[in-house]
Number of protein chains: 2
Amino acid sequence: MPSNRQEVENNVKKQEIRDSARQMFLAFGYEKTSLAKIAKHAGVTANTIYWYFKSKEELFASVVEEIIQAFLTAFKTRKSESLRDNILWVISVLEVSRAFIVTIHEKSRTSQVIADVHQSFHDSLAEISEAYLLEKEMKPTEIKPYITLVGFVIEGILMHELDEKEKNDIVSLLEV
Amino acid sequence: MPSNRQEVENNVKKQEIRDSARQMFLAFGYEKTSLAKIAKHAGVTANTIYWYFKSKEELFASVVEEIIQAFLTAFKTRKSESLRDNILWVISVLEVSRAFIVTIHEKSRTSQVIADVHQSFHDSLAEISEAYLLEKEMKPTEIKPYITLVGFVIEGILMHELDEKEKNDIVSLLEV
DNA sequence: CTGTGCTCTTGAATGGCAATCAAGAGACAT
DNA sequence: ATGTCTCTTGATTGCCATTCAAGAGCACAG
């Protein structure tokens with residue numbers, strides 16, 4: 001319940017900052033992106049960021065959360081393709097954000113916020129995939145480790161520089 | 001060819017700094033370990049480190065290289081166990097250094113030195129494993145992607161917090 | 001139509017850090 | 001004893017995240 005018009009605009013500017021942050025983080029990496037740089041890109045002062053976000057880490061967590069939400073929404077509306085196509089689709093969608101994957105893991109060890117976002121991503125993904133693999137009649141005891149394994153392979157593919165053929169060959173090995 | 005006694009001692013102190021660095025990096029992580037902290041632990045001034053290493057990143061690269069060399073030496077003198085045992089062995093040996101894995105990948109994107117160390121590690125590992133898998137009569141075309149895949153799974157296991165059962169179940173899925 | 005309070009913005013610190021600089025101290029070779 | 005090389009250090013620089021203190025714009029109550 002906004003007490004004045006300003007608060008309505010609040011979210012607009014917050015989103016602008018988030019957008020700038022995402023672009024800068026992607027282009028230069030977390031460490032090499034200063035808040036001053038993000039602020040300049042967003043057309044505000046560095047201090048202003050602190051009104052909307054508690055810290056650089058929370059800003060990053062917020063950016064990541066947005067990406068994850070968008071991904072999960074898209075992922076839920078898909079499902080019924082072949083396993084192989086699903087995996088390749090996940091890889092191609094996350095491709096643009098691949099620079100974040102390492103940073104998320106790095107920050108997860110020192111930042112609770114990011115660890116939470118990271119964990120809940122893995123959980124959501126596992127939940128969706130489990131239903132899918134049950135339909136495909138995979139042995140129930142194998143489902144959980146298989147999901148984890150596929151997750152690791154996807155992360156690996158995204159974290160390393162591979163060409164299309166290499167990706168395809170690796171994904172082929174994942175078929176049961 | 002040392003021109004005086006000091007230069008003989010050189011490597012001793014350099015090694016002391018490297019040792020301190022390894023311990024501090026492992027305990028606190030790369031970002032949260034300042035050169036001052038390493039220096040204090042090694043009983044020198046922060047500036048002294050710069051005489052032995054060009055930068056914090058090079059110091060880190062040196063630490064990583066030492067670990068990798070030790071690992072590769074141990075790995076080469078093993079080999080003839082079952083595939084499963086070899087994979088589990090690699091995981092258990094790298095376990096103590098698991099905190100580094102993420103940092104190596106993170107730094108690889110901005111630091112040439114670390115990217116090189118990282119790349120040569122993957123290469124060495126692939127080379128050793130290829131010979132091993134040929135002996136085991138794996139189809140030659142499948143060997144390369146398989147090695148890469150196993151590498152990604154090992155990295156994944158080390159990067160995430162898993163209990164023994166989860167690890168074993170995942171490694172079981174890797175058997176051909 | 002004025003004062004009070006809320007949302008938002010900013011300039012100016014603060015403290016920490018990696019990296020550089022300039023000045024030396026100690027050991028050796030001549 | 002002198003110059004040179006190895007090594008060490010205090011002081012400095014410049015960047016950065018974060019905090020602080022002061023305000024500006026707006027809305028609503030009286």
Side-chain angles (χ1 to χ4, degrees), chain A residues 1-21 24-25 27-64 103 106-107 110-114, chain B residues 1-22 24-25 27-64 103 106-107 109-114:
Chain A
M1 195 79 70
S3 73
N4 57 23
R5 185 162 60 250
Q6 289 177 89
E7 202 165 309
V8 177
E9 302 299 318
N10 181 330
N11 295 325
V12 174
K13 187 162 284 188
K14 185 167 187 177
Q15 186 58 43
E16 281 171 7
I17 293 173
R18 215 190 331 256
D19 287 342
S20 295
M24 299 296 103
F25 283 145
F28 306 106
Y30 181 85
E31 299 298 338
K32 303 218 166 171
T33 301
S34 69
L35 287 178
K37 199 184 260 176
I38 296 171
K40 193 174 177 184
H41 188 270
V44 295
T45 313
N47 291 6
T48 299
I49 296 179
Y50 279 93
W51 198 88
Y52 295 96
F53 301 92
K54 251 184 26 212
S55 64
K56 189 183 178 183
E57 269 182 3
E58 284 225 347
L59 171 56
F60 178 71
S62 173
V63 168
V64 169
T103 311
E106 170 86 23
K107 292 288 150 202
T110 51
S111 158
Q112 193 56 49
V113 210
I114 295 175
Chain B
M1 197 79 68
S3 74
N4 58 23
R5 186 160 63 248
Q6 288 178 87
E7 202 166 306
V8 177
E9 301 300 315
N10 183 330
N11 295 325
V12 174
K13 186 162 282 184
K14 185 168 186 176
Q15 187 57 43
E16 281 171 10
I17 293 173
R18 215 192 331 257
D19 286 342
S20 295
R22 177 174 35 73
M24 299 295 103
F25 283 146
F28 306 107
Y30 181 85
E31 299 298 338
K32 303 220 165 167
T33 301
S34 68
L35 287 179
K37 198 184 260 174
I38 296 170
K40 192 174 177 183
H41 187 271
V44 295
T45 313
N47 288 6
T48 299
I49 296 178
Y50 280 95
W51 199 87
Y52 294 96
F53 300 94
K54 252 184 27 213
S55 65
K56 188 184 179 184
E57 270 182 4
E58 283 224 349
L59 171 55
F60 178 71
S62 174
V63 168
V64 169
T103 312
E106 170 86 24
K107 293 288 150 200
R109 284 190 291 113
T110 51
S111 157
Q112 193 56 50
V113 208
I114 295 174

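Chain letters run A, B, ... following the sequence lines, proteins first and then strands; every chain starts at 1. All values below come from the heavy atoms of this structure, side chains included, with hydrogens, waters and symmetry mates left out. On a predicted model such as this, the values are computed, not experimentally measured, just so you know.
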Asks: Taking only N and O in the side chain of K13(A), is any of them less than 4.0 Å away from OP1 or OP2 of dT9(C)?
Replies: yes

Asks: Round to the nearest Å and state the distance from F60(B) atom CZ to dA18(C) atom P.
Replies: 14 Å

Asks: Separation of L59(A) atom CG from dT18(D) atom C1', in whole Å?
Replies: 14 Å

Asks: For Y30(B), give me all partners under ring pair (Phe, Tyr, Trp, His ring centres under 6.0 Å), at least two apart in sequence or on another chain.
Replies: F25(B), F60(B)

Asks: Provide, to the nearest angstrom, the distance between the CD1 atom belonging to I38(B) and the P atom belonging to dA19(C).
Replies: 11 Å

Asks: Is there side-chain contact between K56(B) and I38(B), with heavy atoms separated by less than 4.5 Å?
Replies: no

Asks: Measure the shortest side-chain to side-chain distance between I114(B) and V64(B) over non-hydrogen atoms and say whether it is less than 4.5 angstrom.
Replies: no

Asks: Grab the CZ-P distance between F28(A) and dC16(D) for me, whole Å please.
Replies: 12 Å

Asks: Which of the following nucleotides, dT9(C), dT8(D), dT10(C), is nearest to the side chain of Y52(B)?
Replies: dT8(D)

Asks: For T48(A), check side chain to side chain donor-acceptor pair (under 3.5 Å) against everything at least two apart and list the hits.
Replies: none

Asks: Which nucleotide in the list dT8(D), dT18(D), dA18(C) gets nearest to the side chain of Y50(A)?
Replies: dT18(D)

Asks: In whole angstroms, how far is the C1' atom of dC7(D) from the CD atom of E16(B)?
Replies: 14 Å

Asks: Write out all pairs satisfying salt bridge (Lys or Arg N to Asp or Glu O under 4.0 Å) with one or both partners inside residues 29-54 of chain B, taking only residues at least two apart or from two chains.
Replies: E31(B)-K107(B), K54(B)-E58(B)

Asks: Starting at the 5' end of DNA chain D, which residue's closest nucleotide do you reach first, S55(A) or I49(B)?
Replies: I49(B)

Asks: Who passes side chain to side chain donor-acceptor pair (under 3.5 Å) against R22(B), sequence neighbours left out?
Replies: D19(B)

Asks: For E58(B) and dT20(C), what is the distance between atoms CD and C1' respectively, to the nearest whole Å?
Replies: 16 Å

Asks: Where along nucleotides 12-17 of chain C does protein come under 4.0 Å, by heavy atom, of base (B) or sugar-phosphate alone (S), with - for untouched nucleotides?
Replies: B----S

Asks: Just how far, in rounded Å, is C1' of dA25(C) from CH2 of W51(B)?
Replies: 14 Å

Asks: Phosphate oxygens OP1/OP2 of dT9(D): is one of them under 4.0 Å from a side-chain N or O of T48(B)?
Replies: yes

Asks: If the condition is side chain to side chain donor-acceptor pair (under 3.5 Å), which residues does S20(B) pass it with, not counting sequence neighbours?
Replies: H41(B)

